[in-house]
Amino acid sequence: MESRRVRRYLPSLAARARGRQRTSPTRSVSEAWLPPKARGPMASESVAPVESPFPLSTLRHSVSHLMASAVEALFPGAKFGNGPAIEHGFYYDIELPEPLEERDLERLENEMRRLAKKAGAMVRSEYTREEARARLAQRNQTFKLDTLARIPPGEKITFYAHGGWEDLCEGPHIDRFDQPFAFKLQRVAGAYWMGDEANPMLQRIYGTAFWTKEDLARHLAWLEEVERRDHRHLGTELDLFSHHQEAGSGFIFWHPKLGAVRREMEKFWWDLHQTRGYMPVYTPHVSRETLFAVSGHLENYADMMYAAMKIDEMPYRVKPMNCPGHILIYKNRGRSYRELPLRWAELGTVYRYERSGVLHGMLRVRGFTQDDSHIFCTPEQLPREIAGVLELVRTLLTAFGFQFTAYLATRPAKAIGDEEIWTRAIAALREGAVQAGIALELDEGGGAFYGPKIDFKMKDALGREWQTSTVQCDFNLPERFDLTFTDKDGTKKRPIMVHRAIYGSLERFAGVLIEHYGGRFPFWLAPTQVVLIPIRESHADYCRELANALSSDGLRVACMDDSGHMNKKIKEATQDKVPFLLIAGDREVAERHVTVRQREREQQENLPFEQFRERARALQATRSLTL
RNA sequence: GCUGCUGUAGCUCAGCGGUAGAGCACUUCCUUGGUAAGGAAGAGGUCAUGGGUUCAAUCCCCAUCAGCAGCUCCA
């Protein structure tokens with residue numbers, strides 16, 4: 001694997017790998033509830049690659065060199081950092097006296113094309129450390145000298161050159177530039193040298209390359225589709241949510257249309273829980289600070305918590321998590337083994353400080369509602385409880401049309417609780433997965449310090465992966481709060497606590513749903529499910545009658561009975577992505593029919609209203625993903 | 001938080017050192033139309049906020065707030 005070999009030369013790759021774990025199963029309990037950024041395979045990469053002796057990543061790595069040489073040609077004095085291939089392309093980190101602008105990218109592309117034509121072969125040369133140092137020092141390449149110094153003794157030191165421009169690099173590279181390939185420079189952003197905040201910030205130029213124009217075009221089309229589905233754009237376009245300067249960043253205002261979606265999410269969520277023996281609990285948003293001292297949040301999590309407020313001279317805090325509240329309910333009286341397991345669930349809104357630069361639409365926010373639940377059980381009950389949670393996760397994610405993968409995260413280096421309890425808990429997680437029939441991938445050492453967990457990554461309609469659901473064993477909080485239950489033999493024993501969230505955060509899940517569906521919500525979630533459009537004013541009564549009937553079935557219906565032209569109403573409802581438009585004129589009124597325009601279907605159909613009504617009821621009742 | 005970019009009508013965006021424009025949306029009137037924009041008129045802006053430079057600032061400078069692309073971070 002190239003990337004593995006390159007890593008020694010390019011330590012920023014390690015940082016990249018770390019960054020990627022943000023969305024990977026190594027996230028800790030709180031992280032699981034924080035919105036990661038989606039990353040996903042390019043649609044174009046699923047297409048069979050053109051026959052080539054070199055993998056795509058090698059081409060991209062080489063094109064990053066080509067770009068660097070173009071930068072040096074246009075901006076003499078540039079100092080080069082690292083320039084690896086990455087998942088969807090490549091980048092190069094470069095220090096320049098002036099910030100680059102987007103229009104510079106076009107100049108660079110032209111220069112790259114010019115250089116590629118005359119560059120010919122890429123030539124590999126091996127040097128001694130001293131020679132290499134001299135070559136880099138002569139060009140005053142201080143970052144490269146830094147990189148050179150990090151190459152372990154005994155390793156070969158190689159340079160790759162094309163068209164007279166050379167770069168310290170382990171390779172491998174393509175053989176020549178005078179062969180067909182297609183590339184595009186995409187954007188400029190800042191990036192710390194070696195990924196360390198303490199280091200100077202370089203300018204990172206991102207680009208991508210493919211062997212053919214067609215592949216590149218496909219990739220760019222995919223990016224456009226991602227752009228089209230961006231929940232922030234759709235949120236404005238479809239009047240779903242907003243945030244406000246007056247309210248501060250990272251806080252979401254759900255508009256009525258997204259409110260309707262959320263109500264459906266909540267209803268569905270609660271239906272699933274009620275039938276699985278969960279009980280609802282509600283806990284306050286603000287508590288005395290001492291509660292979070294006991295829980296350890298103050299000690300370990302203070303950076304993420306909002307400052308204390310004084311009430312009656314005592315410090316209070318807004319909650320960053322729901323668990324301490326649920327624990328207080330548990331501790332409110334003595335507990336018997338007879339009542340375990342206790343399964344308590346709350347849609348609990350929490351507030352966490354996130355650095356301003358990480359906020360992102362609904363996906364990373366400062367106030368959000370977790371679909372939080374805590375299960376208090378005996379060690380013996382653990383496998384059964386885990387199985388129950390996993391089944392619930394599968395049921396819920398599948399209902400929205402997500403595929404998912406589950407990862408078992410085991411004991412990290414820094415952990416509390418003795419070996420034995422970890423071993424038993426991990427065995428319980430495995431056992432639960434077997435019972436639920438869910439395959440586990442292993443994330444060795446990826447558990448939280450307080451217990452092992454299973455994280456889920458779900459894949460959306462564009463193939464991007466998101467982490468939402470998580471199931472975590474906790475040995476820490478039961479200790480800290482001295483939770484007990486009285487067992488059969490009359491002795492006090494320590495329960496195990498399981499934290500779990502399935503949506504994770506309603507904000508983030510809703511944001512992902514918007515992108516997953518591209519704003520075309522399935523019938524049961526659609527903010528407006530049916531729109532009625534009378535052809536003439538004289539048909540409005542009929543339409544209102546039908547609207548009332550559908551409305552009494554519990555559906556969200558709008559009757560566009562104001563004056564105005566039918567065509568325009570059709571256009572508006574279509575743009576709102578309403579699943580069904582029912583149009584009625586003389587013919588329909590006479591026969592008690594409707595003409596149905598179904599979203600994204602050319603063919604419209606004329607059918608008895610009652611028949612449509614049955615169909616709508618069925619779609620709603622089954623939470624069907626298709627119309 | 002850091003680097004860069006951005007902030008003009010509800011939305012998308014023009015524009016300019018001499019206090020502003022378009023399209024859509026909105027309001028009113030006309031239009032009764034068989035499947036994606038009927039017509040006309042009107043209203044709507046402290047040009048993000050606060051300082052500064054200038055005879056004069058929406059425009060130039062600084063700060064703040066907010067957004068965007070990344071980086072870093074996310075027990």
Side-chain angles (χ1 to χ4, degrees), chain A residues 12 15-16 18-19 21-23 26-37 81 91 93 95-96 98-104 186-206 230 232-233 236-239 242-251 295-305 320-321 352-361 364 366 412 414-416 448-450 476 533-540 563-576 581-588 595-597 602-604 606:
Chain A
S12 72
R16 188 183 126 240
R18 272 203 309 282
Q21 301 212 337
R22 221 179 300 159
T23 59
T26 58
R27 293 160 59 84
S28 66
V29 61
S30 60
E31 290 173 318
W33 295 329
L34 290 168
K37 298 208 170 153
Y91 66 77
D93 287 345
E95 188 182 77
L96 292 165
E98 293 295 317
L100 285 173
E101 295 175 24
E102 295 290 319
R103 65 164 176 273
D104 293 324
Q186 293 166 300
R187 61 175 57 94
V188 186
Y192 301 109
W193 169 238
M194 307 301 286
D196 187 339
E197 259 182 301
N199 287 338
M201 188 167 266
L202 311 183
Q203 298 192 61
R204 174 171 295 181
I205 308 174
Y206 283 94
D230 189 312
R232 294 165 301 179
H233 297 161
T236 304
E237 207 174 293
L238 300 176
D239 193 15
S242 56
H243 35 230
H244 299 271
Q245 243 182 75
E246 301 88 317
S249 52
F251 299 114
S295 70
H297 288 111
L298 223 45
E299 191 183 327
N300 302 309
Y301 202 64
D303 291 353
M304 304 286 296
M305 290 175 69
M321 289 191 191
R352 299 177 185 176
Y353 172 73
E354 297 278 3
R355 298 219 268 175
S356 60
V358 307
L359 301 173
H360 184 90
R364 185 100 179 242
R366 286 175 171 165
K414 182 191 143 203
I416 67 144
F449 76 89
Y450 48 74
N476 181 44
I533 300 176
I535 285 173
R536 256 198 323 282
E537 195 124 20
S538 57
H539 311 123
S563 74
H565 287 236
M566 178 182 62
N567 281 0
K568 189 165 186 181
K569 292 174 183 174
I570 290 170
K571 176 176 180 264
E572 284 171 2
T574 304
Q575 283 182 340
D576 275 348
L581 317 192
L582 305 189
I583 295 165
D586 288 334
R587 296 199 292 274
E588 286 80 3
T595 294
V596 180
R597 270 183 79 118
E602 291 290 311
Q603 191 67 35
Q604 45 188 334
N606 185 287

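We name chains A, B, ... by the order of the sequence lines, and we start the count at 1 in each one.
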- prompt: Where along nucleotides 35-42 of chain B does protein come under 4.0 Å, by heavy atom, of base (B) or sugar-phosphate alone (S), with - for untouched nucleotides?
  reply: BBBB----

- prompt: Whole-Å distance between B/C73 C1' and A/His360 NE2?
  reply: 16 Å

field: Among B/A75, B/U31, B/U72, the one nearest A/Met321 by side-chain distance
entry: B/A75

query: Between B/U19 and B/U54, how far is it from one C1' atom to the other, in whole Å?
result: 15 Å

task: Report the distance from atom CG of A/Asn300 to atom C1' of B/A75, rounded to the nearest whole Å.
output: 5 Å

Minimum side-chain heavy-atom gap A/Met304-A/His297 below 4.5 Å: no

message: Once you apply a heavy-atom cut-off of 4.0 Å, does A/Asp196 come out as touching a base, just sugar-phosphate, or nothing?
response: nothing

message: Can you check the distance between B/A48 and B/G7, where both ends of the measurement are the C1' atom (answer in whole Å)?
response: 6 Å

query: Going by modelled atom types, is there a donor-acceptor pair between the base of B/U72 and the side chain of A/Arg355 at under 3.5 Å?
result: yes

- request: Grab the two heavy atoms, one from A/Pro320 and one from A/Met305, that are nearest each other, plus how far apart they are.
  value: CG-CG, 3.7 Å

message: Expressed as a whole number of angstroms, how long is the span from A/Arg366:CZ to B/C65:C1'?
response: 12 Å

query: CD of A/Glu299 versus P of B/A75: gap in Å, rounded?
result: 15 Å

- prompt: In whole Å, what separates the C1' atom of B/A22 from that of B/U8?
  reply: 13 Å

query: Any idea which heavy atoms bring A/Gln604 and A/Val596 closest together, and the distance?
result: CB-O, 3.2 Å

- prompt: Rounded to the nearest 0.5 Å, how far does CG of A/Leu202 lie from CH2 of A/Trp193?
  reply: 7.0 Å

- request: For A/Arg355, check salt bridge (Lys or Arg N to Asp or Glu O under 4.0 Å) against everything at least two apart and list the hits.
  value: A/Glu197

Residue whose closest nucleotide on RNA chain B lies nearer the 5' end, A/Ser249 versus A/Ala191: A/Ser249

- prompt: Quick one: are A/Met321 and A/Arg352 in side-chain contact, heavy atoms under 4.5 Å?
  reply: yes

statement: Among the nucleotides B/U32, B/C71, B/G70, whichever has the atom closest to the side chain of A/Tyr192 is B/C71

- prompt: What nucleotide among B/G67, B/G34, B/U72 has an atom nearest to a side-chain atom of A/His243?
  reply: B/G67

Restricting to nitrogen or oxygen on both sides, can you table the protein-nucleotides 4-13 of chain B pairs closer than 3.5 Å?
unit_1: B/G7; atom_1: N2; unit_2: A/Gln245; atom_2: NE2; d: 3.3

- prompt: Expressed as a whole number of Å, how far does the C1' atom of B/U53 sit from that of B/A66?
  reply: 26 Å

- request: Measure from CG on A/Leu581 to P on B/G34 and round the result to the nearest Å.
  value: 18 Å

Side-chain heavy atoms of A/Glu588 within contact of A/Ile583, under 4.5 Å: no

- request: For B/C68, take OP1 and OP2 only and decide whether either is under 4.0 Å from a side-chain N or O of A/Arg232.
  value: yes

message: I need the OH-C1' distance between A/Tyr353 and B/U72, as an integer number of Å.
response: 12 Å

message: For B/C71 and A/Tyr206 - does any side-chain N or O of the residue sit under 4.0 Å from the phosphate oxygens OP1/OP2?
response: yes

query: By salt bridge (Lys or Arg N to Asp or Glu O under 4.0 Å), which residues pair with A/Asp196, not counting sequence neighbours?
result: none

field: Separation of atom CE in A/Met194 from atom C1' in B/C2, rounded to whole Å
entry: 18 Å

query: Roughly how far, to the nearest 0.5 Å, is CG of A/Leu238 from NE2 of A/His233?
result: 12.5 Å

- prompt: Partners of A/His539 by side chain to side chain donor-acceptor pair (under 3.5 Å), sequence neighbours excluded?
  reply: A/Asp586

- request: Determine the interatomic distance between P on B/C11 and the same-named atom on B/U46; round to the nearest Å.
  value: 14 Å

- line: Rounded to the nearest 0.5 Å, the CD1 atom of A/Ile533 sits from the NZ atom of A/Lys568 at a distance of 13.0 Å

message: Between B/C65 and B/G51, how far apart are the two C1' atoms, rounded to whole Å?
response: 14 Å

field: Sugar-phosphate only, base, or nothing, as touched by A/His244 at under 4.0 Å among non-hydrogen atoms
entry: nothing

- prompt: Expressed as a whole number of Å, how far does the P atom of B/C5 sit from that of B/C73?
  reply: 24 Å

- request: Starting at atom CZ of A/Arg364, determine the distance to atom P of B/U72, rounded to an integer number of angstrom.
  value: 12 Å

- prompt: In Å and rounded to the nearest 0.5 Å, what is the NZ to CZ distance from A/Lys414 to A/Phe449?
  reply: 6.5 Å

query: Roughly how far apart, to the nearest Å, are B/C59 and B/U3 at atom P?
result: 23 Å

field: Toward the 5' end of RNA chain B, by each residue's nearest nucleotide, A/His297 or A/Met201
entry: A/Met201

- prompt: Checking side-chain contact (heavy atoms from CB on, under 4.5 Å) for the pair A/His243/A/Ser249: CA distance, chi angles, key distance, verdict?
  reply: CA-CA 7 Å; A/His243 35 230; A/Ser249 52; over 6 Å; no

- request: Can you run through RNA chain B from 5' to 3' and write each base as (, ), [, ], | or . depending on how it pairs? Watson-Crick or G-U wobble, both distances under 3.5 Å.
  value: (((((((..((((....[..)))).(((((.......))))).....(((((..]....))))))))))))....

query: Just one of A/Asn606, A/Ile535, A/Leu581 clears the side-chain contact (heavy atoms from CB on, under 4.5 Å) bar with A/Thr595, so which one?
result: A/Asn606

